[in-house]
Amino acid sequence: MYEVKVYDSSGKLKKVISSQTLNIRSKQQLESPEMFLRNKRGRKPWSQSTKSQIEGETS
């Protein structure tokens with residue numbers, strides 16, 4: 001992996017993420033992918049959503 005450069009909206013360099021940091025993050029993501037979900041707000045757990053779908057179909 002290569003280092004990642006992060007720029008703000010005006011084009012100035014904010015930070016540089018090293019390849020070592022990216023490798024650590026990818027290992028963490030493989031171990032626990034739920035930690036890296038983007039839209040956490042409003043999301044129901046999978047088991048609850050399937051139960052509500054089944055109840056809706058039988059009604």
Side-chain angles (χ1 to χ4, degrees):
M1 273 192 226
Y2 298 100
E3 65 183 19
V4 176
K5 296 179 180 178
V6 180
Y7 296 92
D8 62 3
S9 60
S10 64
K12 294 183 181 179
L13 181 66
K14 287 176 61 176
K15 63 180 176 179
V16 177
I17 304 172
S18 69
S19 61
Q20 184 180 11
T21 305
L22 291 171
N23 285 331
I24 292 169
R25 185 184 185 279
S26 67
K27 288 178 185 177
Q28 288 175 344
Q29 191 172 13
L30 287 174
E31 292 171 1
S32 60
E34 67 274 356
M35 188 167 69
F36 293 94
L37 294 175
R38 286 185 163 227
N39 186 9
K40 293 182 180 179
R41 194 178 333 157
R43 183 178 285 184
K44 294 181 181 178
W46 185 77
S47 61
Q48 287 182 356
S49 62
T50 55
K51 286 179 184 177
S52 64
Q53 288 175 354
I54 292 171
E55 290 173 0
E57 291 174 0
T58 57
S59 298

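Computation of the quantities below employed the complete heavy-atom set of this structure, encompassing side-chain atoms and omitting hydrogens, waters and symmetry-equivalent molecules. Keep in mind that what you see is a predicted model, and the values were worked out from it rather than measured.
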side-chain hydrogen bond (donor to acceptor under 3.5 Å, both in side chains): pairs with one or both residues in residues 19-31, sequence neighbours excluded: Ser18-Thr21
Distance-only criterion, 3.5 Å: show the donor-acceptor pairs between side-chain atoms of residues 2-10 and protein atoms not counting sequence neighbours.
residue	atom	partner	partner atom	Å
Asp8	OD1	Ser10	N	3.4
Asp8	OD1	Ser10	OG	3.0
Asp8	OD1	Gly11	N	3.2
Asp8	OD1	Lys12	N	2.8
Asp8	OD2	Ser10	OG	3.4

Tell me who clusters with Leu30, hydrophobic residues only, linked when side chains sit under 4.5 Å apart either directly or through other members. none
